[in-house]
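Report on the structure given below.
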Amino acid sequence: MTPYSDVVMGARELLESNWREGRTPSGLVFGYTCPDAVKYPDQFFWDSCFHALTWSRLDPARAMRELRSLGAAQQPSGMIGHTTFWRGPVRPSRAYTYNLLHRRAFQTATIQPPLLGWVWAEVAERSGDASFADEGRMIVRRFHEFLDRERADADGLIGILQPDETGLDATPTYDQPLGWRSHPKAGFLALQAFNRRRGYDYRRVVADGGFHATDVLVNTAWILGWEGLARLGEPGAAAGAEQRTSALVRRLFDRPAGMFFAEGPAGERLRVSTWAGLSPLALDRLPADIAHRIVNEHLLDSRCFWLEYPVPSTAAWEPSFVPGSVRYLWIERYWRGSTWLFSTWFALRGLLRLGYEAESAHLAERTLALIRRSGFREYFNPITGEGMGARHFGVSTIAVECAAMAEHRPDVRESVA
Ligand code: GLC
């Protein structure tokens with residue numbers, strides 16, 4: 001038994017009840033965990049990556065099915081979009097706010113942080129199934145070719161069209177360049193309409209003077225994807241990860257601040273301190289001096305990110321920081337201070353890689369405490385631990401993966417046997 005079998009059991013129950021499977025009229029087989037049955041019934045790209053990581057601790061076959069569904073959702077272009085609607089068209093209430101080319105679209109026309117390669121490699125290794133690794137190598141290679149062709153600059157870093165492509169929908173990072181068009185203000189609909197008219201085609205949007213940016217988290221996930229593709233056996237992928245890590249440092253690391261910041265549409269540095277700026281800690285090839293600066297000057301600073309329940313999505317001293325719920329009219333504005341467990345995984349991976357054992361154990365312990373206090377909520381107040389948003393949120397089960405990582409434990413299945 002692990003000292004957190006209660007959380008392991010809760011996670012399994014949640015993932016089971018959020019599981020959806022079937023076959024489309026055209027014969028595609030799917031099986032995925034929806035982020036929340038009420039709020040998010042569809043398959044979300046980066047949520048699925050995290051679900052697969054938790055599943056791989058509990059039931060590797062299920063992790064494989066979750067990833068195979070992302071593979072089955074891949075379009076002939078190689079794209080795998082932000083959200084896939086396996087069970088019929090999007091709900092009418094979302095038809096105008098999701099990034100769709102038309103109301104009955106099978107998938108959104110936007111992306112989310114491209115972590116797939118990394119997660120596929122991890123699941124393949126844990127399952128010990130070599131043919132699964134081969135299957136993933138093809139899918140991830142085509143996905144990377146798509147991103148390289150459609151989104152990459154000459155240095156290999158990729159751009160985004162909208163802040164929700166970062167997974168951090170209303171992040172304050174883009175408040176300044178977006179202004180009245182920031183999520184979810186009314187102008188955001190104008191931004192979407194501009195992009196929709198251009199088929200959400202990044203090159204066209206850039207050519208026509210639309211909003212675009214080079215985001216830290218998206219590029220961190222992109223480089224992790226290359227690291228994963230290398231582990232899946234793709235020739236040249238390790239060099240691809242290396243080259244893009246150097247580009248990330250060159251272009252987005254701010255030496256005076258000791259932090260990564262996004263680049264805005266005019267090539268300007270957007271100096272807002274959010275957890276995305278910490279996320280490169282998860283990269284195997286990040287130079288150690290940079291990584292230690294981020295940890296010591298930002299992550300472990302109790303005025304910044306090391307709050308009662310780390311890691312808040314925005315640094316506590318930022319003027320935009322709001323620990324509780326924040327709304328524009330009746331709509332939630334996400335990622336402006338609350339803790340989401342997506343971030344915990346990135347930070348923990350960095351701390352462990354760099355040998356911060358006590359801090360890793362602390363982060364895993366605070367995360368378990370959060371779940372025990374408030375349940376698997378969507379996001380949390382980083383000071384009080386109060387839970388907010390969806391009530392049965394799949395990604396919050398990553399607490400299990402984080403606890404097992406901090407203990408260097410290969411498997412937690414025995415604790416639920
Ligand atoms: C919210 C989050 C996004 C997530 C989605 C589904 O929109 O901001 O990151 O993928 O919910 O959980």
Side-chain angles (χ1 to χ4, degrees), residues 11 14-15 17-20 32-54 66 69-70 73 80-87 90-91 93-94 96-100 107-116 119 160-175 178 182-185 188 192 215-218 220-221 274-276 279 311-314 322 325-328 330-346 375-380 387-399:
L14 189 154
L15 292 179
S17 82
N18 287 11
W19 182 256
R20 304 287 177 269
Y32 68 92
T33 314
C34 67
D36 178 80
V38 180
K39 210 170 160 187
Y40 309 110
D42 305 298
Q43 185 170 23
F44 284 70
F45 182 92
W46 83 318
D47 299 67
S48 259
C49 290
F50 280 85
H51 297 153
L53 284 178
T54 310
E66 179 107 31
S69 284
L70 286 180
I80 308 172
H82 179 301
T83 310
T84 301
F85 309 100
W86 286 109
R87 302 189 310 147
V90 69
R91 288 170 289 172
S93 59
R94 303 288 194 277
Y96 296 101
T97 52
Y98 277 27
N99 300 298
L100 305 172
Q107 196 170 77
T108 59
T110 46
I111 57 165
Q112 260 192 329
L115 254 189
L116 184 64
V119 175
I160 53 159
L161 285 170
Q162 294 183 187
D164 41 321
E165 290 200 310
T166 69
L168 321 181
D169 307 5
T171 175
T173 302
Y174 300 110
D175 282 358
L178 282 172
S182 66
H183 189 274
K185 297 186 178 169
F188 186 69
Q192 285 181 306
D215 183 75
V216 182
L217 172 63
V218 167
T220 296
T274 72
W275 83 269
S279 64
V311 179
S313 42
T314 300
V322 186
S325 160
V326 46
R327 287 173 190 271
Y328 178 77
W330 68 97
I331 309 171
E332 288 162 283
R333 295 196 85 188
Y334 297 144
W335 300 99
R336 299 181 74 87
S338 48
T339 291
W340 301 59
L341 302 199
F342 293 89
S343 344
T344 314
W345 179 85
F346 280 82
F376 293 98
R377 296 297 298 267
E378 185 177 4
Y379 53 98
F380 306 87
M388 293 171 279
R391 295 191 171 269
H392 304 282
F393 192 62
V395 170
S396 294
T397 65
I398 205 72

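All ligand and atom numbering here is 1-based and tracks the order in the structure. The basis for the numbers below is simple: all heavy atoms, side chains too, and nothing from hydrogens, waters or symmetry mates. What you see is a predicted model; the values in this text were computed from it and never measured.
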Nearest-neighbour protein heavy atom for atom 1 (C) of ligand 1, which is reported as residue plus atom name and distance: Y40 OH, 3.5 Å
Region of W335 that comes within reach of ligand 1 [heavy atoms, distance under 4.0 Å]: side chain
D175 and R336 ion-paired at < 4.0 Å: yes
Region of H82 engaging ligand 1 - heavy atom pairs below 4.0 Å: neither
N/O donor-acceptor pair under 3.5 Å between E165 side chain and I111 backbone: yes
Interfacing atoms of ligand 1 (cut-off 4.0 Å, heavy-atom, P35): 12 (O)
Atom 12 (O) of ligand 1: nearest protein contact (heavy atom, Å): D47 OD2, 2.7 Å
Test of proximity, Y334 against ligand 1: N or O pairs below 3.5 Å: no
Polar atom proximity, W340 to ligand 1 (N or O, under 3.5 Å): no
Where ligand 1 meets F393 - atom numbers and elements under 4.0 angstrom, heavy-atom basis: 12 (O)
Side-chain donor-acceptor contact under 3.5 Å, S48 with Q43: yes
Donor-acceptor pair, side chain of T108 and main chain of G81, under 3.5 angstrom: no
For G167, the ligand 1 atoms whose distance to one of its heavy atoms is below 4.0 Å: 2 (C), 3 (C), 8 (O), 9 (O)
Closest approach of any protein heavy atom to atom 7 (O) of ligand 1, naming residue and atom: D169 OD2, 2.9 Å
Residue that, paired with W340, satisfies ring pair (Phe, Tyr, Trp, His ring centres under 6.0 Å) out of F376, F380, W335: W335
